[in-house]
Amino acid sequence: MTTALLPVPAPAARAATLAGAAAALAGTLLPWTWTSEFPGDLTVTGYPGGLQVLTLTGAILTLLFALTGYGIPGLRWLTPAGTNSPVRLLALATFGTTGYAMGAISYELGGVVNLEPGAWVSGIGALVAVIASLALPYDVPVSADDPAPNAWQRFRHSLTAPSAPRAKKALPAWAEIVIIAVSFGLALYVFTYGIDIPTEDSEQFIGFLITAGFTFTALARAGLIARVTALTAKHRNVTLAAALVAALCFPFTQDTAEYALIGVNILIFATVALGLNVVVGLAGLLDLGYVAFLGVGAYTAALVSGAPLSAIGVKFPFWAAVLTGAVVSMIFGVLIGAPTLRLRGDYLAIVTLGFGEIFRVTVNNLNGNSGPDLTNGSQGIPSIPDLNLFGIDFALSHDIGPFTLSRPANYYLLMLVFTAVVVLVFRRSGESRIGRAWVAIREDETAATAMGINAFRLKLLAFALGATLAGLAGTVQAHVNYTVTPEQYQFAGSVPPNSAFLLAAVILGGMGTLSGPFVGAALLYLIPAKLQFMQDYQLFLFGIALVLLMRFRPEGLVADRRKQLEFHETDQLDVPTPRKSDETDAGIAKAGA
């Protein structure tokens, strides 16, 4: 038995949802304002632009998912979990984006008088779709013998509880591989769309976040995300190859160096976050000074790469500079981890935080006055030369067919190679006997030690491996940024990567997962880069986002099955409470036995 929030028959509610979504779609073909001063040029009839495209996308998806309720052949695959929650979420995405656009136009242009009929048609249609979707039956079965949960409990459960796809006939292997390839192609398209939004068009980027956030949640509630995840787990090698190909195609989609530079920085940030995931996600060691290992690798590469102000005055080949940076970072990881990893919990976090600050202060003082002249103090080491590998000058643009690869695109492809190596190391480590021992230590170190696991040695190994992976990324970062300074490696700051943002990327994406840190790092780097007007309130908003995440999705955006069961095992409202008569019957049966 299912109930709805509004006393409206389900067929009428579904028809009203379809009508509202259709009206929202039709409104995008009409002008939303009379002047092109608002970003996106929303004045054209028959050609959506800017925020209209996002409303159009939300309306189309709402129509498709609402039509699945009529049993139309070919559309039922959209909702393998068989739920109405995706319709509500997509209607909210359409309404949220449209409402935000109307508010932004009114605020920037000086009142609602600047709204043209198209905006009102889309806004009212989206509102009708939201209200009508609330009248659709809820997905939570309610036992006739138990008191029904209130409307808020049913609504919250329909939005947050995980959905499992219904069992269906297995697809051919080639069809599953095609689905994986198409999924990564769509992910690349969405990411490219977001990164290509001009920095000055912050209104469109906020609308993009609203639409993408609700849409991702809707797809998860529909069971599509779970189905694709199951396919990727079944075809792991194909998944890694598809992800690599999608990432390889990214620089060929960029016409300007600005967005390619954002891409390479996201890749550096994500690679370092994946290295931290070894320490935090697998071994369960809270490291608050991890960015220092990135700095060790960057400073080492700067000192041995022939920079004019390098105190060493040597120039290693790039492969030697990479190995040097990785080895020095590993040595620092062992030196710091050996005396500190006997601590646990908050004490370990405080010590690692202190190490991060000690590194920053030390490189700031190695200026020839407060200490030896090694790092040039607060001025850092500038003018790090560009690479020249296999006859390719990374400082120059290169034409490959109809595509032009800029300097950041060259470094993006180089960093992609390092990312593939880090992914391989993380995957092999997590699936090995050592990886299972790390997970055992993370879950219960005392029990793991009692079972014969040398906890200290394995924690030190995780610390050293994480430091090595961060050092690898640091060697590339030094060449991308031309310079290294102490201010780049703080615990918290306005620009990632820093220790706080690295840890947040792991938690936001999903601890212990392979793809989670990439998702978290991409969001945490891209959002500040696009919403620069919010820089003064960045940490405040960042804190609010973490609080909401811990409240509604503590397992992270990409979570493994264990985390989902751990954090949501008490949210299953569809499990009926045993009746007193059942308990009495069970007691009689037990006594008789």
Side-chain angles (χ1 to χ4, degrees), residues 271-300 322-360 362 418 421-475 489 491 497 499 502-503 505-507 511-514 517:
T271 303
V272 180
L274 189 60
L276 178 61
N277 202 21
V278 174
V279 180
V280 177
L282 294 182
L285 306 174
L286 184 56
D287 189 350
L288 298 182
Y290 186 75
V291 75
F293 298 120
L294 176 68
V296 170
Y299 265 97
T300 302
V322 169
L323 292 179
T324 304
V327 170
V328 173
S329 296
M330 180 187 67
I331 293 173
F332 270 85
V334 173
L335 293 178
I336 299 302
T340 61
L341 288 178
R342 300 186 185 278
L343 302 174
R344 297 187 187 181
D346 298 338
Y347 300 101
L348 176 63
I350 292 173
V351 171
T352 55
L353 175 62
F355 163 66
E357 291 301 303
I358 289 172
F359 168 78
R360 184 179 61 83
T362 300
F418 283 83
V421 172
V422 174
V423 167
L424 181 62
V425 171
F426 180 86
R427 181 187 173 191
R428 294 298 185 186
S429 300
E431 296 176 350
S432 66
R433 179 176 59 87
I434 294 176
R436 293 193 293 272
W438 282 337
V439 173
I441 294 172
R442 181 192 68 192
E443 296 299 325
D444 192 329
E445 183 175 344
T446 302
T449 304
M451 296 299 295
I453 295 176
N454 190 331
F456 174 75
R457 181 173 64 86
L458 288 174
K459 288 194 297 184
L460 185 61
L461 178 61
F463 217 70
L465 178 59
T468 303
L469 299 181
L472 286 175
T475 58
Y489 310 104
F491 168 71
S499 291
L502 288 170
L503 183 60
V506 174
I507 296 174
M511 291 190 298
T513 62
L514 178 60

Problem - Phe359 side chain near Ile336 side chain, heavy-atom distance below 4.5 Å - result: no

Fill in the blank from the handout: Sorted by chain and number, sequence neighbours left out, ring-ring contact (aromatic ring centres under 6.0 Å, His included) with Phe355 holds for Phe293

Fill in the blank from the handout: Sequence neighbours excluded, the answer for side chain to side chain contact (heavy atoms under 4.5 Å, CB included) partners of Arg427 is Arg236, Asn237, Leu240, Glu431

Exercise for the section: Output all residues satisfying side chain to side chain contact (heavy atoms under 4.5 Å, CB included) with Ile350, sequence neighbours left out; order by chain, then residue number. Expected result: none

Problem - Nearest non-hydrogen partners of Val322 and Phe418, listed with the distance - result: CG1-CE2, 3.6 Å

Practice task
Give a yes or no on this: more than 12 heavy atoms of other residues, nucleotides or ligands lie within 6.0 Å of atom CZ of Phe332.
Solution key: no

Exercise for the section: Check whether any side-chain heavy atom of Val423 lies under 4.5 Å from a side-chain heavy atom of Leu514, and answer yes or no. Expected result: yes

Exercise for the section: With rounding to the nearest 0.5 Å, note down the distance linking CZ in Arg436 to CZ in Arg433. Expected result: 8.5 Å

Handout entry: Heavy-atom side-chain contact between Tyr290 and Leu503 under 4.5 Å
Key = no

Problem - Distance-minimising heavy-atom pair for Val425 and Ser429 - result: O-OG, 2.7 Å

Practice task
Run the numbers on Thr300 and Thr475 for side chain to side chain contact (heavy atoms under 4.5 Å, CB included), then give the verdict.
Solution key: CA-CA 7 Å; Thr300 302; Thr475 58; over 6 Å; no

Tell me which donor-acceptor pairs under 3.5 Å the side chains of residues 273-284 have, and how far apart each pair is, sequence neighbours excluded?
{"unit_1": "Asn277", "atom_1": "OD1", "unit_2": "Gly512", "atom_2": "N", "d": "3.0"}
{"unit_1": "Asn277", "atom_1": "ND2", "unit_2": "Thr513", "atom_2": "O", "d": "2.8"}

Handout entry: Test log, rule side chain to side chain contact (heavy atoms under 4.5 Å, CB included), inputs Leu469 and Phe426
Key = CA-CA 10 Å; Leu469 299 181; Phe426 180 86; 5.7 Å; no

Problem - Contact list for residues 281-300, test salt bridge (charged side-chain N to carboxylate O under 4.0 Å, His left out), sequence neighbours left out - result: none

Under 3.5 Å donor-acceptor pairs involving side-chain atoms of residues 451-460, not counting sequence neighbours:
{"unit_1": "Asn454", "atom_1": "OD1", "unit_2": "Arg457", "atom_2": "N", "d": "3.2"}
{"unit_1": "Lys459", "atom_1": "NZ", "unit_2": "Leu341", "atom_2": "O", "d": "2.9"}
{"unit_1": "Lys459", "atom_1": "NZ", "unit_2": "Glu445", "atom_2": "OE2", "d": "3.1"}

Handout entry: Nearest-0.5 Å distance that lies between atom CE in Met330 and atom CG in Leu472
Key = 11.0 Å

Completion exercise
Applying side chain to side chain contact (heavy atoms under 4.5 Å, CB included) to Val351 and not counting sequence neighbours gives Thr340, Leu343

Fill in the blank from the handout: Ile331 meets the side chain to side chain contact (heavy atoms under 4.5 Å, CB included) criterion, sequence neighbours left out, with Val327, Leu335

Handout entry: Qualifying residues under side chain to side chain donor-acceptor pair (under 3.5 Å), relative to Thr271, sequence neighbours excluded
Key = Thr419

Practice task
Measure the spacing between CG of Leu294 and CG of Leu502 and express it to the nearest 0.5 Å.
Solution key: 7.5 Å

